[in-house]
Trainee: 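One structure follows; several queries about it will come next.
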Number of protein chains: 2
Amino acid sequence: MQISSKFTIGVHLLAVIDYLGEDEKVTSNVLAGSIGVNPVIVRNVMGNLKEAGLISISQGRSGIALAKKPDQITFYDVYKAVDSVNDDGLFHFHENPNPECPIGKNIHKAMDSKLDRVQKCMEDEMRQITLADVMTDIQSELKKD
Amino acid sequence: MQISSKFTIGVHLLAVIDYLGEDEKVTSNVLAGSIGVNPVIVRNVMGNLKEAGLISISQGRSGIALAKKPDQITFYDVYKAVDSVNDDGLFHFHENPNPECPIGKNIHKAMDSKLDRVQKCMEDEMRQITLADVMTDIQSELKKD
DNA sequence: CCGCCTGTAATATACCACATTACAGGCAAA
DNA sequence: TTTGCCTGTAATGTGGTATATTACAGGCGG
């Protein structure tokens with residue numbers, strides 16, 4: 001199992017928007033070219049990021065721009081924006097434990113809070129990482145040339 | 001996306017084995033009955049847990065038993081045993097970033113260590129939770145009746 | 001030796017991620 | 001205001017994966 005690539009696509013997207021800034025025209029086709037996926041996928045992710053208030057999109061001969069500063073955009077924001085994990089949570093619980101069995105009857109209650117704790121731990125860590133951190137690392141790679 | 005139910009099945013499995021202990025005969029059919037899934041799934045998970053050294057299985061008119069004490073079996077052990085997450089990691093990275101693009105060329109390098117950090121955080125939290133914790137909660141639910 | 005149980009392969013099904021085509025609608029520039 | 005690019009989105013295809021199910025070979029204990 002893996003978290004959908006929509007998440008990494010989202011971060012990549014934001015990085016390109018930040019990098020090309022207001023100088024160059026950024027379109028879903030340009031982005032799709034850099035990311036290496038279909039433009040429709042990009043437009044969908046763009047829509048998610050827009051709904052979440054991370055970017056602004058003006059139609060027509062368009063302009064896409066960050067709606068927040070890079071250090072105000074965290075991995076968690078992107079992760080939530082693109083619905084990386086559904087409402088049932090990170091862990092898929094088997095759906096039919098036997099209520100006639102003392103374990104089956106209570107396993108859900110006994111595990112849920114623990115699984116939530118694990119998921120929350122992961123999400124809290126994602127809140128610590130920002131787009132600015134990614135840009136810093138990209139810049140320092142670029143300087144090596 | 002969600003982590004396969006094989007993980008929760010694995011924990012459920014261990015809980016039943018611990019609960020029914022050495023008194024009653026525990027078979028894949030009994031387990032499947034409590035868990036509410038097909039016996040073959042149970043046997044596969046059993047195999048995983050056996051390989052990982054968490055349970056012992058003797059064939060024939062069989063006996064299944066925990067190979068460690070409940071407080072020595074963590075969620076992480078089960079999670080690893082059933083291959084909840086493949087070797088590529090928790091996050092599925094888009095596979096064809098454009099090497100001609102300054103961002104596409106470096107996005108992988110810039111994000112990998114951060115994603116690893118997130119995953120490791122989750123796994124560390126799982127190491128803190130044991131089968132014994134689950135059994136404690138189940139027991140206290142049972143006492144409510 | 002008989003019967004129950006595990007190990008495992010083969011097959012089916014349903015769902016999901018991602019790709020692709022197509023087109024309607026909007027904004028901006030000319 | 002018209003034209004052309006671009007976004008929003010629906011419809012469809014496809015491959016991969018999770019789980020179910022049937023079937024059977026092999027092993028151990030009674």
Trainee: Expressed as a whole number of angstroms, how long is the span from A:I64:CD1 to D:dT7:P?
Mentor: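 Rounding to the nearest Å, CD1 of A:I64 and P of D:dT7 are 5 Å apart.
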
Trainee: Going through the checks in order, is the side-chain contact (heavy atoms from CB on, under 4.5 Å) test met by A:R117 and A:K120?
Mentor: CA-CA 5 Å; A:R117 208 173 99 197; A:K120 184 158 189 317; 5.8 Å; no

Trainee: In whole angstrom, what separates B:N86's CG from C:dA17's P?
Mentor: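 Between P of C:dA17 and CG of B:N86: 15 Å.
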
Trainee: For B:N44 and D:dT17, give me the distance from atom CG to atom C1', rounded to whole Å.
Mentor: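 Value for this atom pair: 14 Å.
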
Trainee: Between A:I3 and B:G47, which has a closest nucleotide on DNA chain C that is more 5'?
Mentor: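 By nearest-heavy-atom nucleotide position, the 5'-most residue is B:G47.
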
Trainee: Figure out the NE2/P separation between A:H92 and C:dC16, and round it to whole Å.
Mentor: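 A:H92 atom NE2 is separated from C:dC16 atom P by 10 Å.
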
Trainee: Distance check needed: D:dA20 P versus A:H94 NE2, whole Å only.
Mentor: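 For the pair A:H94 NE2 and D:dA20 P, the rounded distance is 11 Å.
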
Trainee: Kindly work out whether a path of hydrophobic side-chain contacts (I/L/V/M/F/W/Y, heavy atoms less than 4.5 Å apart) joins B:L20 to B:I17.
Mentor: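 Hydrophobic grouping puts B:L20 with B:I17.
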
Trainee: Mind calculating the distance between NZ (A:K25) and C1' (D:dC6) to the nearest angstrom?
Mentor: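 Rounding to the nearest Å, NZ of A:K25 and C1' of D:dC6 are 8 Å apart.
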
Trainee: Under the 3.5 angstrom rule, does the side chain of B:D133 hit a backbone N or O of B:T130 as a donor-acceptor pair?
Mentor: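 Between the backbone of B:T130 and the side chain of B:D133 there is a qualifying donor-acceptor contact (under 3.5 Å).
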
Trainee: Can you see whether A:H12 engages A:S34 through a side-chain donor-acceptor pair at a distance of less than 3.5 angstrom?
Mentor: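 There is such a pair (donor and acceptor under 3.5 Å, judged by atom type) between the side chains of A:H12 and A:S34.
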
Trainee: Just checking, is any N or O donor in the side chain of B:T74 or B:R127 under 3.5 Å from an acceptor N or O on the other one?
Mentor: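 The criterion, which ignores hydrogens and geometry beyond distance, is not satisfied for B:R127 and B:T74.
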
Trainee: If I take atom CD in residue B:Q2 and atom P in nucleotide D:dT17, what distance separates them, rounded to the nearest angstrom?
Mentor: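 In whole Å, D:dT17 P lies 17 Å from B:Q2 CD.
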
Trainee: Does a donor on one side chain sit under 3.5 Å from an acceptor on the other, for B:H94 and A:T8?
Mentor: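 Yes, because at least one side-chain N or O of B:H94 sits under 3.5 Å from a partner of the opposite role on A:T8.
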
Trainee: Look at A:S4 and C:dC18 and indicate whether a side-chain polar atom (N or O) is within less than 4.0 Å of OP1 or OP2.
Mentor: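 It does, given that an N or O in the side chain of A:S4 lies less than 4.0 Å from OP1 or OP2 of C:dC18.
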
Trainee: Between B:I9 and A:K50, who's closer to the 5' end of DNA chain D by nearest nucleotide?
Mentor: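 Of the two residues, A:K50 wins.
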
Trainee: Specify the separation, in whole Å, of atom CG of B:N48 and atom P of C:dT8.
Mentor: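 Value for this atom pair: 11 Å.
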
Trainee: Within less than 4.0 Å of OP1 or OP2 of D:dT19, is there a side-chain N or O belonging to B:S5?
Mentor: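 Checking D:dT19 against B:S5, a side-chain N or O does come within under 4.0 Å of OP1 or OP2.
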
Trainee: Answer yes or no: is there an ion pair linking B:K6 with B:D83, defined by an N-O contact shorter than 4.0 Å?
Mentor: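 Salt bridge absent between B:K6 and B:D83.
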
Trainee: Please give me every residue in residues 28-43 of chain B whose heavy atoms get under 4.0 Å of an atom in DNA chain C, ordered by residue number.
Mentor: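 Output list: B:S28, B:V40, B:R43.
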
